[in-house]
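Notes for the one structure printed next.
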Amino acid sequence: MVEHASVIRNDFLRHDMQFPHVWCPGCGLGIVLGSLIRATAKLEIPKDDMVLASGIGCTGRMPAYVDFNTLHTTHGRALTFSTGIKLAKPELTVMTIMGDGDATAIGGNHFIHAARRNLNITAIIVNNQTYGMTGGQYSPTTPYGSKATTAMYGHIEHAFSIAELAVTAGASFVGRGTVHHVTQLDDLIGKGIRKRGFSVIEIISNCHTNYGKMNNLADPVAYQMWMKEHAVSVKKAAKMSVEELEDKFTIGILADIDKPSYIEEYQKIRDKAAGAGS
Amino acid sequence: MESSSEKFLLQGNEAIVEGALAAGCCFFAGYPITPSSEIAELMSMRLPKQNGTFIQMEDEIASIGAIIGASLAGAKVLTATSGPGFSLMQENLGYACMTEVPLVIVNVMRGGPSTGLPTSPAQADVMQTRWGTHGDHPIIVLSVSSVADSYEIAVHAFNMAEKYRVPVVLLSDEIVGHTREAITLPPGKPMEVVNRIKPSVPPEWYVPYENNSRGVPPMADIGSGYRHHVTGLMHNAKGFPTSDPQEVDTFHRRMQRKLDNGAMEIQMSRGFMLDDAEVAVIAYGAVTRSALRAVKMAREQGIKAGLLQLITLFPVPRAALDSVLRQCRAVLVAEMNMGQYVREVRAVNVSSNVKQLNRFDGHLIKPDEIFGKLMIL
Ligand SMILES: Cc1ncc(C[n+]2csc(CCOP(=O)(O)OP(=O)(O)O)c2C)c(N)n1
Ligand code: SF4
């Protein structure tokens with residue numbers, strides 16, 4: 001039984017200094033923030049031991065609102081900063097939040113290598129199928145044929161599937177959720193953080209202001225209904241044909257494997273080096 | 001390298017590693033590139049022995065990102081590269097300037113632009129070290145001319161990074177990096193090791209970017225109980241984004257002030273035979289040695305020549321340069337590029353007689369060449 005999404009913890013937010021936030025009314029990022037707060041509160045990790053790093057974009061603004069150790073880095077590079085933090089202080093819980101452009105265009109190389117390396121970091125990728133902050137240009141997840149401010153004649157590139165990319169690159173835990181399926185989202189984020197090794201949570205979210213406006217989803221509620229109609233659980237998808245899955249995406253847990261994390265592997269290196277003499 | 005001093009035959013690149021470790025470096029992230037790779041290789045052997053961490057990242061952008069993260073978490077950090085990699089690091093270097101993160105980047109210079117001359121020396125990245133990343137920003141750039149320097153200046157580089165919360169670029173070149181020379185380690189006179197100042201107030205009073213008189217706010221490690229926000233956006237004293245003109249102005253002035261306050265110790269140079277000099281060579285890096293030889297040759301011919309070796313290139317050691325420029329009838333700036341640092345020298349004293357000698361063909365400037373120029377200054 002999954003619990004229903006509970007009320008968020010007030011003391012996890014920087015009320016006194018950072019609100020109102022910069023996001024558009026109705027943006028899915030608010031839901032992601034709520035989910036992140038609920039998921040982390042449940043883990044009962046002291047705030048002093050939690051790190052939230054981001055890159056640049058609407059998504060990248062999230063850390064400023066959260067009362068953890070927070071970091072707003074450069075576009076695409078958040079995982080590299082998180083790598084340094086985690087290696088220097090493995091006892092910290094390090095989460096990295098990125099937009100789809102941030103994580104898979106400019107930061108695509110860092111993303112696949114972080115997954116391959118399997119350092120204990122949780123990567124949360126908010127996939128709104130566009131570059132929100134810069135005004136709706138196409139991103140690596142913009143669907144073929146849709147419109148963007150740099151593809152007004154229709155987009156001719158094919159989209160990445162972020163979660164599948166993470167699985168192939170070697171992440172230990174991969175989940176996909178949406179801002180419509182909030183209870184599941186809380187659960188996925190919590191599982192991702194608890195996982196030893198690199199975990200990825202892809203979150204389908206709405207940028208109705210930019211992507212939606214150009215693609216008949218200008219209303220955030222209609223956008224969320226689109227998510228509801230197009231999401232299929234991993235379990236159900238396994239029984240569906242390729243044709244049936246044509247315009248659908250799967251949600252749930254796509255990978256959950258156990259292998260030694262980078263931290264454990266590096267400790268072995270230290271032990272060997274110490275034994276090797278000078 | 002155990003307790004009692006011993007003589008070693010080391011490369012400049014190896015001496016940088018020894019200096020970095022002596023200064024307390026415990027984290028290295030890098031990506032292989034000639035002629036700097038020996039630094040990464042040696043670090044991968046040495047760091048895990050002393051509970052430190054080495055990681056080879058997917059590129060140089062990731063390397064500097066990782067060392068910034070590790071430094072924010074309290075580690076003393078290093079990366080090493082050469083021209084192409086240094087170019088890739090520029091954006092995150094600006095982030096480190098903006099967020100005042102102590103770190104050291106070694107650039108073992110090779111011929112450029114682009115892939116250029118991977119195995120030949122050059123000094124053509126000098127202006128890039130100062131202005132490579134966008135926007136006004138503080139930075140310290142040091143240069144090494146020998147194996148002994150590589151050790152000693154590496155220690156200074158870490159000390160300055162920690163003391164002023166600023167990135168330090170340590171410029172070496174293919175010649176210094178690969179030349180083997182005898183060096184005594186640890187050095188006869190032990191070197192001071194400086195650590196960043198941490199906050200002493202309770203966390204609720206901590207102002208991460210406070211505008212104090214030194215211009216350098218105490219730095220709390222991530223995870224030490226002082227939760228705060230770090231952003232590359234322009235930020236106020238509390239660390240949160242701002243576009244308030246007063247706060248933006250205050251930030252830039254503090255950046256300037258923190259290095260101005262430390263000018264005396266930051267701006268390092270060495271004078272050779274300058275006391276009665278009428279002409280002088282100004283040099284840095286590998287060229288220093290040719291210059292010293294040339295100055296001695298000139299002295300043998302009865303010419304009162306001297307040498308000013310610049311260790312700190314930025315902030316420009318104005319006082320030392322100005323005194324030489326005032327004293328000498330003419331100076332010669334010798335460098336392995338098409339004339340970069342000579343502009344800084346001219347700017348120190350526009351009415352002085354500054355000549356230049358440049359070589360940019362992948363070869364060291366020879367003593368004879370400098371001597372020849374000195375004879376007709
Ligand atoms: C190096 C660099 N290139 C470009 C930009 C401009 N930029 C800012 S945010 C952004 C894209 C944001 O899109 P995404 O990562 O999908 O996040 P979203 O805003 O949709 O949350 C771009 C291109 C930048 N800040 N830095
Ligand atoms: S532009 Fe899009 S992603 Fe950004 S806040 Fe508005 S709706 Fe959200």
Side-chain angles (χ1 to χ4, degrees), chain A residues 14 17-18 22 46-51 53-54 56 60-61 63-92 94 106-107 109-110 112-114 116-117 119 262 266-278, chain B residues 1-2 26-27 29 44-77 91-96 98-99 101 103 203 220-233 235-236 238-241:
Chain A
R14 286 173 172 145
M17 17 207 173
Q18 287 306 298
V22 295
K47 290 193 285 184
D48 283 343
D49 295 342
M50 283 196 280
V51 180
S54 69
I56 300 293
R61 290 304 187 104
Y65 306 127
V66 184
D67 192 23
F68 301 161
N69 302 284
T70 56
L71 204 61
H72 179 217
T73 71
T74 47
H75 193 28
R77 320 299 175 194
L79 280 170
T80 71
F81 289 68
S82 296
T83 298
I85 295 170
K86 184 70 189 178
L87 286 172
K89 284 210 170 155
E91 66 274 22
L92 299 178
V94 181
I106 192 162
N109 200 31
H110 308 308
I112 55 175
H113 288 282
R116 178 181 64 81
R117 219 171 260 134
L119 192 61
Y262 190 90
Y266 199 74
Q267 194 49 48
K268 291 183 204 160
I269 295 286
R270 287 190 182 135
D271 295 343
K272 274 190 200 164
S278 58
Chain B
M1 308 304 85
E2 253 72 87
C26 61
F27 188 97
S44 78
M45 295 292 291
R46 298 292 298 277
L47 280 171
K49 272 188 206 293
Q50 42 197 76
N51 219 21
T53 307
F54 165 91
I55 186 167
Q56 182 174 311
M57 296 297 288
E58 53 275 16
D59 59 29
E60 289 85 349
I61 303 174
S63 303
I64 181 169
I67 65 168
I68 294 172
S71 182
L72 284 167
K76 286 193 183 180
V77 300
E91 188 195 9
N92 279 346
L93 177 57
Y95 184 90
M98 183 61 143
T99 53
V101 175
L103 57 85
D221 300 350
I222 288 180
S224 65
Y226 293 80
R227 293 188 308 279
H228 64 282
H229 187 55
V230 180
T231 177
L233 282 169
H235 43 267
N236 57 25
K238 287 184 169 169
F240 292 109

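Letters A, B, ... are given to chains in the order of the sequence lines, protein chains preceding strands, and every chain is numbered from 1. This structure is a prediction, so every number in the text was calculated from the model and none was measured.
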For B/Tyr95 and A/Phe81, take the angle between the two ring planes, folded into 0 to 90°, and tell me which bin it lands in: parallel under 30, tilted 30 to 60, perpendicular over 60.
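Perpendicular.
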Scanning both residues in full, the closest heavy-atom pair of A/Ala88 with B/Phe27 reads N-CE1, 4.5 Å
Nearest heavy atoms of A/Lys89 and B/Ile222, plus distance in Å:
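In this case the closest contact between A/Lys89 and B/Ile222 is NZ-O, 2.8 Å.
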Nearest-0.5 Å distance that lies between atom CD in B/Glu58 and atom CD1 in A/Ile112
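With rounding to 0.5 Å, CD (B/Glu58) is 8.5 Å from CD1 (A/Ile112).
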Let me confirm one number: the CG-OG distance from A/Asn69 to B/Ser224, rounded to the nearest 0.5 Å.
7.5 Å
State, with a plain yes or no, whether a side-chain heavy atom of [X] is found less than 4.5 Å away from one of [Y].
X	Y	result
A/His110	B/Ile61	yes
A/His72	B/Leu233	yes
A/Arg77	B/Ile64	no
B/Met98	A/Thr74	no
A/Tyr262	B/Ile55	yes

Of the listed residues (A/Ile269, A/Leu79, A/Asn109, A/Thr73), which shares the most heavy-atom pairs with chain B below a 4.5 Å separation?
A/Thr73
Tell me which of these, A/Ile56, A/Asp49, A/Val51, A/Leu92, has more heavy-atom pairs under 4.5 Å with chain B than the rest.
A/Leu92
Select one option (side chain, backbone, both, neither) describing which atoms of [X] are under 4.5 Å from chain B's heavy atoms.
X	result
A/Phe68	backbone
A/Lys47	both
A/Arg117	side chain
A/Asp271	neither

Walk me through whether B/Asp59 and A/His113 qualify under side-chain contact (heavy atoms from CB on, under 4.5 Å).
CA-CA 10 Å; B/Asp59 59 29; A/His113 288 282; over 6 Å; no
Side chain / backbone / both / neither for [X] at chain A, heavy atoms under 4.5 Å:
X	result
B/His229	both
B/Tyr226	backbone
B/Ala29	neither

Counting distance only, does the side-chain N/O of A/Arg270 pair as donor-acceptor with the main-chain N or O of B/Gly52 below 3.5 Å?
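Side chain of A/Arg270 to backbone of B/Gly52: a pair is present.
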Tell me which of these, B/Gly225, B/Gly74, B/Ser63, has more heavy-atom pairs under 4.5 Å with chain A than the rest.
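The option with the most such pairs is B/Gly225.
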